[in-house]
Amino acid sequence: MPAETTTPPPVPEAAVPAEAVAPLIRGVRVLRELTEAGGTLSLSGLERATGLARSTVDRITSTLARMGYVRLDGRDAVTTPRLMELGNAYLAALRLPALLSPRADALADELDESVSLAVADRDGIRFIHQATRRRAMSLSFRIGDLLPAERTAPGPLFASEWSDENWRVWRERRAADPVNRGFSAVPPRELPFPDGEFEARAAQAGRDGWALDDQLIEPGLVAVSVPVRDPRTGRIACVANVVSHTSRHTAADLRDTLLPRLRATVAEMERELAAAPDPDPGPPPSGSAAWIGASKHELGREFIESLARGLTVLTAFGEGRAALTLTDVARATGLARATARRALITYEHLGLVRGQPESRTFGLTPRVLSLGFPPLSRTSLPRIAAPHLADLSARVGESTALAVLVSSGPTAEIQYTARAVSPRIMGVDIRVGTRLPAAATSLGRVLLSDPEDSAASAASADFAHVRSQGYALLDEAWEDGLRTLAVPLRDRTGRAVAAVNVALHAAGRTAEECVAEILPELRLTATRIEQELHAAGHFTRVPLL
């Protein structure tokens, strides 16, 4: 008999603590619904999905827009890469992606198969790193996706360490949702697992030290997993997972041919963890309280101060700041202790923060990744830049574009990857995908002037001048009447990976007017794009094309 299509009853939640911050709970609900919708949802859709009043949804999205976490695009709310700073705080505090992802990436290259790292999230697993292969049939899982433990290879390994309380939570969830309709990252099962089946697999995984997924998620998908243990405690820190398709490997093939290499990589990962020095805490956010107060003064009722303060608390954590006391959080954010305390109580209730009573510290949980990270982890630079280019074009009344360097040497070329066209009758209209000689364009010149990209060109006096002033202004170099002004876009390492420009007819503005009027707006746009690129590229690879 086919499974019923009705929505499963929710698993009962704990009562809301009296000191919890209600606007923060509602704001987190909005972010989760946006995440489940793929990062974009209409305001009326958010109203229906959350059950909140439309006026409340409007105030929440207005506050999130002020924080740079969403963009209001007509009737839609759209998450922005800036929101990834919340998930980045968890991943940085965890340290595992930074320490182990190079090993996972190397194994993926060696095996030509997808490799992932996963951590436990209550009765499920959540991905913290993905090294995928580009194929017609490839994985759609993203960093931050939550999967039910019973349908994965890592799940039985984590379950082999579960306490009685963990098993109780799992059984309650399974009883309420036997076919996993509550997990949007996987298709529902046609039939629930037989009683005792997962318990037996968990016990077997504990004995073997590895586990298989033989098409548990969907037909054709197979995986093998090995735990990476914390050298200090001996418990599972994360699980390394190799995923393939039955057209390439059966589950038995994975066990017989790839498991030995996976085990060798896991041994290298464990040595990496054992040798890693204590992290050097980076600077926590500062001035948040003052910024929030100024925003409230400017926007009035449309800005929910308690929501902004609460979200700021999550960013207090990071590398070297995995466990913070209440005093630490208050000091890092500039918030009053009472305000920080209520936010932490709220997050404990929501499962985003876990308290350690013996040390009086708090730490983030993997559930923080549910706040926008999965859909944003697959973004690209053109997608990041597009709304900023449109905004720039509207401000200066001219066409704007984004380009990257696609070849080097004397015949180096740039390729246009995004653009916003001016509404003028006579405007610049260069299609996305167009390639042009780099040296003949302002976009190409700022990229060629970057010493890491072109040692040969860097010796030229022209390129040295571009590099020193930080922009390129070009008049009628490859088309009569065309004047262009460009600045570089830099990644987290400071390397120029792309460039943005404004293009206009030479009769519109003089060269001096371009520098005085357009250059500041162009630089502001580049800074905004860079901020989102840096947030998106902290733990994920952002495609440039």
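Basis for what follows: all heavy atoms, side chains included, without hydrogens, waters or symmetry-related copies. These numbers were taken from a predicted model, which means no experiment stands behind them.
Residues F183 and D145 have side chains not in contact (no heavy-atom distance under 4.5 Å, counting atoms from C-beta outward). Side-chain contact between E150 and W170 is present, with at least one heavy-atom pair separated by less than 4.5 Å. Side chains of V169 and W162 form no contact here, defined as non-hydrogen atoms less than 4.5 Å apart. Taking the side chain as every heavy atom from C-beta outward, L216 and F193 approach each other to under 4.5 Å. The side-chain heavy atoms of L117 and V239, taken from C-beta on, include no pair separated by under 4.5 Å. Annotation: side chain of V28 is in contact with side chain of L352 (closest heavy-atom distance under 4.5 Å). The closest side-chain heavy-atom distance from E521 to L392 is below 4.5 Å. Side-chain contact between T361 and L324 is absent, with no heavy atoms from C-beta onward closer than 4.5 Å.
Contact record, V313 with A340: CG2-CA, 4.5 Å, taken as the closest heavy-atom pair. Heavy atoms only, all atoms of each residue included: C238 and L100 are closest at SG-CD1, 3.8 Å. The two residues S101 and H129 make their nearest non-hydrogen contact at CB-CE1, 3.3 Å. I304 approaches P23 most closely through the heavy-atom pair CG2-CB, 3.7 Å. Shown here for A385 and L402, the closest heavy-atom pair between the two residues is CB-CD2, 3.8 Å. Shortest non-hydrogen contact noted between D177 and G182 is OD2-N, 2.7 Å.
Without hydrogens or angle criteria, R82 side chain to E532 main chain gives no donor-acceptor distance under 3.5 Å. Remark: side-chain polar atoms of N501 are paired, donor with acceptor, to backbone N or O of A401 under 3.5 angstrom. In this structure, the side chain of E319 does not engage the main chain of P281 through any donor-acceptor pair within 3.5 Å.
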request  = Just do the side-chain contact (heavy atoms from CB on, under 4.5 Å) check on I529 and V500 with the steps written out, would you?
outcome  = CA-CA 10 Å; I529 296 172; V500 289; 4.1 Å; yes

message = Using the rule given for salt bridge (charged side-chain N to carboxylate O under 4.0 Å, His left out), can you reason through R395 versus D391, listing the C-alpha separation, both sets of side-chain angles and the distance that settles it, and then say yes or no?
response = CA-CA 6 Å; R395 295 200 312 270; D391 182 59; 2.3 Å; yes

message = I'd like to know whether T35 forms a side-chain contact (heavy atoms from CB on, under 4.5 Å) with S370, so could you lay out the CA-CA distance, the side-chain angles of the two residues, the decisive distance to 0.1 Å, and finally the verdict.
response = CA-CA 7 Å; T35 303; S370 69; 5.7 Å; no

inquiry  = Apply salt bridge (charged side-chain N to carboxylate O under 4.0 Å, His left out) to residues R509 and E398 and explain how you reach the verdict.
reply    = CA-CA 11 Å; R509 285 181 172 94; E398 305 291 353; 3.3 Å; yes

Verdict with supporting geometry, L64 and V30, side-chain contact (heavy atoms from CB on, under 4.5 Å) = CA-CA 10 Å; L64 295 174; V30 166; 4.3 Å; yes

key: Intermediate values then yes/no, side-chain contact (heavy atoms from CB on, under 4.5 Å), I125 and V119   = CA-CA 6 Å; I125 70 147; V119 294; over 6 Å; no

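Geometrically, R419 does not engage Y416 in a cation-pi contact defined by less than 6.0 Å to the ring centre and at most 45° from the axis.
Atom-to-atom distance recorded for H388:NE2 and T525:OG1 is 8.5 Å, nearest 0.5 angstrom. Note that the CZ atom of R483 and the CG atom of L473 stand 7.0 Å from one another [nearest 0.5 Å]. Rounded to the nearest 0.5 angstrom, R48 CZ and R54 CZ are separated by 10.0 Å. Here F141 contributes atom CZ and S377 contributes atom OG; the two are 12.5 Å apart, rounded to the nearest 0.5 Å. In this structure, CD1 in I217 is found 11.0 Å from CZ in R189, a value given to the nearest 0.5 Å. With values rounded to the nearest 0.5 angstrom, N88 atom CG is found 12.0 Å from L314 atom CG.
With sequence neighbours left out, the salt bridge (Lys or Arg N to Asp or Glu O under 4.0 Å) criterion links D105 to R541. R71 meets the salt bridge (Lys or Arg N to Asp or Glu O under 4.0 Å) test with no other residue; sequence neighbours excluded. Contacts of P97 classified as side chain to side chain contact (heavy atoms under 4.5 Å, CB included), with partners at least two apart in sequence or in another chain: L91, L94, I128, F539.
Donor-acceptor pairing under 3.5 Å is recorded for the side chains of T327 and R337. Judged by distance alone, the side chains of S442 and T484 do bring a donor and an acceptor atom under 3.5 Å apart. If you check the side chains of S184 and E36, you find a donor sitting under 3.5 Å from an acceptor. Using modelled atom types, one finds a donor on one side chain and an acceptor on the other under 3.5 Å when comparing N166 with S163. With hydrogens and angles left out, the side-chain atoms of R354 and T365 include no donor and acceptor closer than 3.5 Å.
Among the candidates D121, L146, L147, the single residue satisfying the side chain to side chain contact (heavy atoms under 4.5 Å, CB included) test with F127 is L147.
Annotation: R171, atom CZ; neighbour count of heavy atoms from other residues, nucleotides and ligands within 6.0 Å is above 12. Atom CZ of R29 has more than 12 neighbouring heavy atoms from other residues, nucleotides or ligands inside a 6.0 Å radius. For CZ of R523, the number of neighbouring non-hydrogen atoms (other residues, nucleotides, ligands) closer than 6.0 Å is greater than 12.
Residues R490 and E530 are not paired through a salt bridge, judged by the lack of any N-O separation under 4.0 Å between the basic side chain and the carboxylate.
W291 and F303 have perpendicular rings, their planes meeting at more than 60° on a 0 to 90° scale where under 30° would count as parallel.
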